[in-house]
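Worksheet: one structure, shown below.
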Amino acid sequence: SEYCFFYMAMSSSEPVVHVAFLASAGMGHLNPCLRIATLFLRHGCKVTLITPKPTVSLAESNLISRFCSSFPHQVTQIDLNLVTLDPTTANTKDPFWVQYGTIRRSLHLLLPIISSLPTPLSAFIYDCFLVTPLFPITEKLSCPCYIYFTSAARMLSLFSHVPVLAASNPSSHEHLSSFIGEEISIPGIASPIPRSSLPPLLLHPNSLFERMIMEDSPKLSKLNGIFINSFEKFEGEALAALNEGKVAKGLPPVYGVGPIKAWEFENVEESQRGYMGPILKWLDEKSEGSVVYVSLGSKTETRVEQIKDMALGLIESGYSFLWVVKLKMVDKEEEEDLEDVLGSELMSEVREKGLVVKVFVDQMGILGHPSVGGFVSHGGWNSIIESVWEGVPIMTWPQGGDQKITSEVVRISGVGVWPQEWGWGSQDVVKGNEIANRIKEVMTNESFRVKAAEMKKAAREAAGVGGSCEVIVKKLIEEWKRNV
Ligand code: UDP
Ligand code: UDP
């Protein structure tokens with residue numbers, strides 16, 4: 001059907017709408033980028049996808065090639081070959097943050113790429129981590145420019161409100177840690193953000209994330225719009241506060257195009273199907289809603305000290321579980337076996353009740369399986385939205401970044417639970433019995449189930465024919481056509 005859209009667009013005498021996308025690093029950023037790109041492809045647009053190379057993980061490079069080969073006539077892919085930097089200057093060991101920094105310092109290489117595109121651009125849409133260094137380039141473009149924001153509207157509210165906070169405390173506006181008090185009250189948003197929920201890097205003076213938010217947030221007003229994977233029923237309050245100018249004055253429209261569906265190209269290829277086959281078969285044998293799915297995202301390694309209690313908790317919960325284990329942040333480096341960490345005795349107990357895998361799974365395929373009744377997640381925004389899409393109640397266990405802020409969205413919306421007393425995943429080890437109790441809660445609490453089902457329905461309305469996403473996409477395409 002993708003081809004069908006393409007021919008419809010080509011056969012009419014309408015101008016071709018050409019949208020360029022620039023991705024950054026990690027699946028949590030690449031997935032929303034390609035999902036939004038697909039929204040425009042399905043409405044007949046032509047897409048140029050610019051991808052920083054080399055990517056950090058195999059999961060990213062695999063997905064990029066699947067995306068491109070699914071739309072051979074509509075997508076042109078161009079590499080942005082990153083400059084080589086001395087990684088010791090990056091002041092972080094996190095390879096994804098090193099990559100964000102490297103991409104930010106390579107963006108001058110983009111101008112020749114954009115200037116040599118054979119068709120003029122109707123719009124340029126790029127990752128939210130790239131605002132300031134792209135500025136000298138986007139200023140020169142004659143098309144409208146947008147970012148896609150990869151987290152919750154609640155997180156975008158914080159991001160956008162930073163200049164207001166800085167201005168209200170001009171004596172110490174250099175570092176976020178010095179002008180933020182015990183909690184941040186954002187106009188239009190009822191529940192304040194406690195300091196302890198902030199992404200830890202933001203409170204580190206001179207971390208890349210801190211510098212980024214300080215530099216980039218005052219420039220949001222120069223954009224033509226911000227895409228976000230959220231929707232009215234889920235985050236209506238924050239979306240309204242942003243769009244009504246309460247959070248910050250002068251913000252461009254915030255387009256809640258979520259939940260952005262996963263598309264066919266995301267299905268893992270045959271070589272990896274080898275893993276999904278047995279997973280789905282195992283799920284098929286379980287009864288409806290009886291399995292806990294456990295995954296801390298695409299780049300969180302579970303600490304060795306925590307793994308044993310996690311295993312104990314899963315066993316004690318009494319539920320069957322599908323546990324995706326990551327022992328290394330970057331997939332290319334996985335080598336150790338879980339058994340080496342757990343020991344053979346505990347490992348055999350784990351195998352009795354659970355299925356443990358150490359691969360990149362088709363998460364949507366799992367969440368959509370009727371046997372899955374609950375999701376233990378780190379609270380990555382994509383994971384939350386995907387769980388909502390499938391109506392699966394969530395227990396979040398924030399490991400870092402924006403995950404306490406996204407967990408608060410889960411709590412407020414009522415689709416699941418966030419055991420706040422656990423703190424960050426990097427703090428004290430959480431005992432097996434506490435984990436078991438929370439798993440039982442997410443699996444049995446009727447109110448989570450009802451809310452999750454309601455949200456699933458709303459999600460499908462928003463993403464369906466005539467829903468909020470389609471309305472926005474069509475409106476923008478019409479606007480862009482007038483400029484061609
Ligand atoms: N994902 C997946 N299989 C895995 C791990 C992750 O498909 O084994 C996908 C997941 O569905 C989501 C993305 O990778 O779309 C991860 O993004 P998220 O924001 O949840 O967390 P992050 O990995 O960026 O921390
Ligand atoms: N964040 C974001 N957009 C921004 C600023 C921050 O999404 O413009 C969030 C982001 O989602 C992330 C955290 O702040 O979770 C930064 O840390 P991380 O490496 O975990 O990024 P992630 O890939 O999980 O989004």
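Order of listing sets the numbers, starting from 1, for every ligand and every atom in it. Numbers here simply count residues along the sequence, with the first being 1.
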So if I apply the ring pair (Phe, Tyr, Trp, His ring centres under 6.0 Å) rule between Phe129 and each of Phe159, Trp97, Phe149, Tyr148, which one comes out positive?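 Exactly one pass, corresponding to Trp97.
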
Nearest non-hydrogen contact with atom 22 (P) of ligand 1 belongs to which option: Gln403, Gln363, His378, Arg35?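 Closest candidate by heavy-atom distance is His378.
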
Among the heavy atoms of Thr300, does any lie under 4.0 Å from an atom of ligand 1?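 Under 4.0 Å: no for Thr300.
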
Is [X] touching ligand 1 with its side chain, its backbone, both, or neither, if touching means heavy atoms under 4.0 Å apart?
X	answer
Met364	neither
Asn382	both
Phe360	both
Glu266	neither

Salt bridge flag under 4.0 Å for residues Lys299 and Glu60: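 Glu60 and Lys299: not salt-bridged.
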
Does a side-chain N-to-carboxylate-O contact under 4.0 Å join Lys233 and Glu454?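 Salt bridge: no.
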
How long is the gap from OG on Ser191 to CD1 on Ile412, to the nearest 0.5 Å?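 If I round to the nearest 0.5 Å, the distance is 4.0 Å.
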
Can you tell me how far apart CD (Glu301) and CD1 (Ile307) are? Round to the nearest 0.5 Å.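 Rounded to the nearest 0.5 Å, the CD-CD1 separation comes to 9.5 Å.
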
What I want to check is whether the side chains of Gln399 and Thr300 have a donor and an acceptor closer together than 3.5 Å.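 Note: Gln399 and Thr300 side chains miss the donor-acceptor criterion.
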
Without hydrogens or angle criteria, can the side chains of Glu232 and Ser468 be said to hold a donor-acceptor pair below 3.5 Å?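 No.
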
Backbone or side-chain N or O of Leu296 under 3.5 Å from ligand 1 N or O: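 In fact, backbone or side chain, Leu296 has no N or O that close.
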
May I ask you to check if ligand 1 and Asp362 share an N or O to N or O distance below 3.5 Å?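 Not met; the criterion fails.
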
Considering only heavy atoms of [X], which atoms of ligand 1 have at least one such atom less than 4.0 Å away?
X	value
Gly297	23 (O)
Met27	14 (O)
Asn31	9 (C), 12 (C), 13 (C), 14 (O), 15 (O)
Trp381	19 (O)
Val361	2 (C), 3 (N), 4 (C), 7 (O), 8 (O)

Determine whether more than 12 heavy atoms belonging to other residues, nucleotides or ligands lie under 6.0 Å from atom NZ of Lys286.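 For Lys286, atom NZ is crowded (more than 12 foreign heavy atoms under 6.0 Å).
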
Measure from NZ or CZ of Lys404 to the centre of the six-membered ring of Trp424, then state whether that distance is under 6.0 Å and the direction lies within 45° of the axis.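 Ring-cation test returns yes.
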
